[in-house]
Peer 1: 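Starting off with a structure, shown below.
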Amino acid sequence: MAMRQQASTGELVEDKPAGVAHKPKLPADVLRVKVWSPFHVYYDGEARSISGINGTGPFDILARHRNFITLLSPCDLVLQTKEGEIKVRISGGVMQVRRDVVTVFLEV
């Protein structure tokens with residue numbers, strides 16, 4: 001990032017490209033998770049882990065997981081959050097993991 005001097009304060013600040021929204025940084029052990037179908041959002045928030053089942057068996061996703069995409073088998077998705085465990089029963093779907101953001105598309 002390029003640095004520039006703020007005209008009103010004289011402070012050095014990072015110059016962000018136009019149209020790029022600033023995303024708040026997550027703690028190192030947290031994922032941003034959205035589980036949704038075309039007509040319903042089942043979960044949208046932070047989680048410490050998400051567990052599911054694909055064609056090769058059970059798996060877990062933790063923070064800093066490699067980029068990953070998979071077809072989900074019928075199972076209970078289990079999300080570990082600050083509030084506790086959340087289970088979402090699914091009949092299948094697609095999961096994408098990219099840079100600590102997990103998106104689960106159901107009924108597709």
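Note that the numbering runs from 1 along the sequence shown for the chain. Keep in mind that what you see is a predicted model, and the values were worked out from it rather than measured.
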Peer 1: Decide whether Asp60 and Ser51 meet the rule of one side-chain donor and one side-chain acceptor closer than 3.5 Å.
Peer 2: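 Side-chain D/A pair, Asp60 to Ser51: present.
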
Peer 1: Can you confirm whether more than 12 heavy atoms, excluding those of Lys34, are under 6.0 Å from its NZ atom?
Peer 2: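 More than 12 within 6.0 Å, yes.
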
Peer 1: Can you confirm whether or not the ring centre of Trp36 sits under 6.0 Å from the ring centre of Phe105?
Peer 2: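 Yes, ring centres under 6.0 Å apart.
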
Peer 1: Mind checking whether Pro74 and Ile90 have side chains closer than 4.5 Å, heavy atoms only?
Peer 2: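 Result no, sub-4.5 Å side-chain heavy-atom pair not found.
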
Peer 1: Does one hydrophobic cluster hold both Ile53 and Phe68, with members joined at side-chain heavy-atom distances below 4.5 Å?
Peer 2: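 No, it is not one cluster - the side chains of Ile53 and Phe68 are not joined through contacts under 4.5 Å.
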
Peer 1: So if you build clusters from Ile, Leu, Val, Met, Phe, Trp, Tyr with side-chain heavy-atom gaps below 4.5 Å, do Tyr42 and Ile61 land together?
Peer 2: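 In one cluster with Tyr42: Ile61, yes.
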
Peer 1: Is any side-chain heavy atom of Val35 closer than 4.5 Å to one of Val41?
Peer 2: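 Side chain of Val41 against side chain of Val35, heavy atoms only: no contact under 4.5 Å found.
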
Peer 1: Between Ser73 and Asn54, do the side chains contain an N or O donor and an N or O acceptor separated by less than 3.5 Å?
Peer 2: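 No - no donor-acceptor pair under 3.5 Å links their side chains.
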
Peer 1: How far apart are the closest heavy atoms of Ala63 and Val30, and which atoms are they?
Peer 2: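 Distance-wise, the nearest heavy atoms are CB-N, 3.7 Å.
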
Peer 1: Evaluate His40 against Glu107 for side chain to side chain contact (heavy atoms under 4.5 Å, CB included), listing each step before the verdict.
Peer 2: CA-CA 10 Å; His40 185 71; Glu107 301 173 24; over 6 Å; no

Peer 1: Would you kindly confirm whether Val97 and Leu62 end up in one hydrophobic cluster when ILVMFWY residues are joined by side chain heavy atoms under 4.5 Å apart?
Peer 2: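 Different hydrophobic clusters.
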
Peer 1: Using a 3.5 Å distance criterion without hydrogens, assess whether the side chain of Asp76 forms a donor-acceptor pair with backbone atoms of Val78.
Peer 2: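 No; zero donor-acceptor contacts below 3.5 Å.
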
Peer 1: Tell me whether Thr81 contacts the main-chain N or O of Glu83 through its side chain, where contact means a donor paired with an acceptor under 3.5 Å.
Peer 2: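 Yes; at least one donor-acceptor contact below 3.5 Å.
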
Peer 1: Yes or no on side chain to side chain contact (heavy atoms under 4.5 Å, CB included) for Ile50 and Met95, after CA distance, side-chain angles and deciding distance?
Peer 2: CA-CA 11 Å; Ile50 182 169; Met95 176 187 285; 3.9 Å; yes

Peer 1: With a 4.5 Å limit on heavy-atom distance, are the side chains of Leu31 and Glu46 in contact?
Peer 2: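 No - every pair of side-chain heavy atoms lies 4.5 Å or more apart.
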
Peer 1: Does the side chain of Thr70 reach to within under 4.5 Å of the side chain of Phe59, using non-hydrogen atoms?
Peer 2: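 Touching, per the 4.5 Å side-chain cut-off.
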
Peer 1: Within the 4.5 Å heavy-atom criterion, are Arg98 and Ile69 side-chain neighbours or not?
Peer 2: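 Not in contact.
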
Peer 1: Check this for me: does any side-chain nitrogen of one of Arg64 and Asp29 sit under 4.0 Å from a carboxylate oxygen of the other?
Peer 2: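 No salt bridge links Arg64 with Asp29.
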
Peer 1: To the closest 0.5 Å, what do you measure between CD (Gln80) and CD (Glu85)?
Peer 2: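 Those atoms lie 4.5 Å apart.
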
Peer 1: Kindly indicate whether the side chain of Arg32, heavy atoms from C-beta on, has any atom under 4.5 Å from the side chain of Asp44.
Peer 2: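 Contact flag for Arg32/Asp44 side chains = yes.
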
Peer 1: Which atom pair, heavy atoms only, marks the closest approach of Gly52 to Cys75?
Peer 2: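 Taking every non-hydrogen atom into account, CA-SG, 4.1 Å.
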
